[in-house]
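Reading through the structure tokens given below for one structure.
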2 protein chains.
Amino acid sequence: MLRERGLRLTPQRQLILEAVHELGHATPEQIHHTVRQRAAGVNITTVYRTLELLEDLRLVSHTHLSHGSPTYHRAGEDQHVHLVCRDCGSIDEVDPAVMLPVTEQLQRDRNFRVDVGHVSLFGVCGDCKEQP
Amino acid sequence: MLRERGLRLTPQRQLILEAVHELGHATPEQIHHTVRQRAAGVNITTVYRTLELLEDLRLVSHTHLSHGSPTYHRAGEDQHVHLVCRDCGSIDEVDPAVMLPVTEQLQRDRNFRVDVGHVSLFGVCGDCKEQP
DNA sequence: TTGCATGCAAAAACTTTGCATCATG
DNA sequence: CATGATGCAAAGTTTTTGCATGCAA
């Protein structure tokens with residue numbers, strides 16, 4: 001995909017994409033930390049630049065979970081909806097199919113096409129509901 | 001509500017809450033700008049601290065729209081779901097009822113309670129779909 | 001009068017930019 | 001070997017913190 005666009009395949013880019021896959025959901029800083037374990041010299045700047053690039057290529061996607069930095073995750077075929085617990089911060093994933101009734105209705109009523117791979121739903125997870 | 005918790009009602013807090021209501025969806029900086037038109041001395045620090053407080057009290061809520069600062073909006077009775085266009089940045093609001101099928105299923109299957117007032121759905125609005 | 005709230009300044013956290021050097025294709 | 005990519009340093013943004021002062025109750 002990189003070469004198609006006249007771009008270069010570098011070790012840094014490979015490592016960063018691998019880290020996103022391994023971590024599931026991670027901030028630029030967490031990704032940087034993971035990459036550094038394999039290649040100590042990689043700069044945080046490169047992480048930011050590469051994440052932006054990978055997002056352009058639709059290889060990763062990001063969402064904002066409550067406060068702080070955005071988190072990046074794999075994108076593409078196996079999209080998923082995020083369930084973010086506002087109490088414990090856990091991130092669960094569900095099949096985007098759960099959104100179908102909503103996306104269809106919004107398509108009909110508002111002519112709005114929801115980007116399902118980008119959805120994060122805030123709330124309270126089962127564990128936290130039991131411990132108020 | 002403030003007094004119930006032993007907190008104080010100050011002009012700054014009133015103005016900030018008013019600004020959130022007037023603006024609909026606004027970043028801390030936009031809120032600060034609006035508040036300053038009525039009271040020039042109000043500090044951005046106070047805006048941040050007050051928004052956090054008002055969120056605690058469930059009087060406002062925030063969501064993250066793509067990149068940049070979070071946006072704050074009124075919360076409480078008249079909750080709404082946000083439709084954010086990734087192309088033109090417009091923010092539309094819809095009745096949270098559209099989410100009912102999803103929230104019910106997640107409640108059943110995952111024991112996850114969705115905070116409907118906090119939902120933002122990314123996608124492409126009708127206007128932008130016609131102009132690629 | 002009490003102590004919560006504010007303003008100010010400074011620090012912290014996060015992200016972007018410019019430029020010389022490196023290394024992919 | 002041309003030019004896209006990286007590392008470094010520095011600047012830009014956004015948010016948080018510490019502390020003295022101010023003011024609501």
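Per chain, numbering begins at 1; letters A, B, ... match sequence-line order. As the structure is a computational prediction, the values presented were derived from the model and not from experiment.
- The distance from atom CD1 of A:Ile44 to atom C1' of C:dT16 is 12 Å, rounded to the nearest whole Å.
- Using a 4.0 Å cut-off, no side-chain N or O of B:Thr10 falls inside it from OP1 or OP2 of D:dC23.
- Contact annotation for A:Pro11: no contact, since no heavy-atom pair falls under 4.0 Å across all strands.
- Nearest nucleotide to the side chain of B:Val42, out of C:dG7, C:dC14, D:dA5: C:dG7.
- A continuous path of ILVMFWY side-chain contacts below 4.5 Å connects B:Val98 to B:Phe112, so both sit in one hydrophobic cluster.
- Straight-line distance from the CG atom of B:Asp56 to the P atom of C:dA5: 12 Å, rounded to whole Å.
- Distance check, rounded to the nearest 0.5 Å: NE2 of B:His32 to CG of B:Asn43 gives 6.0 Å.
- In terms of polar N and O atoms assigned as donor or acceptor, the side chain of A:Arg49 never comes within less than 3.5 Å of the base of D:dG4 in a complementary pairing.
- Of the side-chain N and O atoms in A:Thr50, none sit less than 4.0 angstrom from OP1 or OP2 of D:dA5.
- What separates NE2 of B:His32 from P of D:dT13 is a distance of 17 Å, to the nearest Å.
- Per the geometry, NE2 belonging to B:His64 stands 11 Å off P belonging to C:dT15, to the nearest Å.
- Proximity of B:Glu130 to A:Asn111: side-chain heavy atoms (C-beta onward) are separated by under 4.5 Å at one or more points.
- At least one side-chain nitrogen or oxygen of B:Gln12 sits closer than 4.0 Å to the OP1 or OP2 atom of C:dG7.
- The distance from atom CG of A:Leu2 to atom P of C:dT24 is 14 Å, rounded to the nearest whole Å.
- Between the CD atom of B:Glu55 and the P atom of D:dT16 there is a distance of 11 Å, rounded to whole Å.
- Regarding contacts with the backbone of C:dT15, a side-chain N or O of A:Tyr48 is found under 4.0 angstrom from either OP1 or OP2.
- A heavy-atom distance below 4.5 Å is found between the side chains of A:Val102 and B:Leu121.
- Following rounding to the nearest Å, A:Gln30 (CD) and C:dT15 (P) show an atom-to-atom distance of 12 Å.
- Aromatic ring centres of A:His82 and A:His25: separated by under 6.0 Å.
- Between the side chain of A:Arg8 and the base of D:dG4, a donor-acceptor pair under 3.5 Å is found.
- Rounded to whole angstrom, the span from the CD atom of A:Gln14 across to the P atom of D:dA5 amounts to 14 Å.
- Phosphate proximity of C:dT15 to A:Thr45: absent, as no side-chain N or O sits under 4.0 Å from OP1 or OP2.
- The residue among B:Leu9 and A:Thr46 whose nearest nucleotide of DNA chain D lies closer to the 5′ end is A:Thr46.
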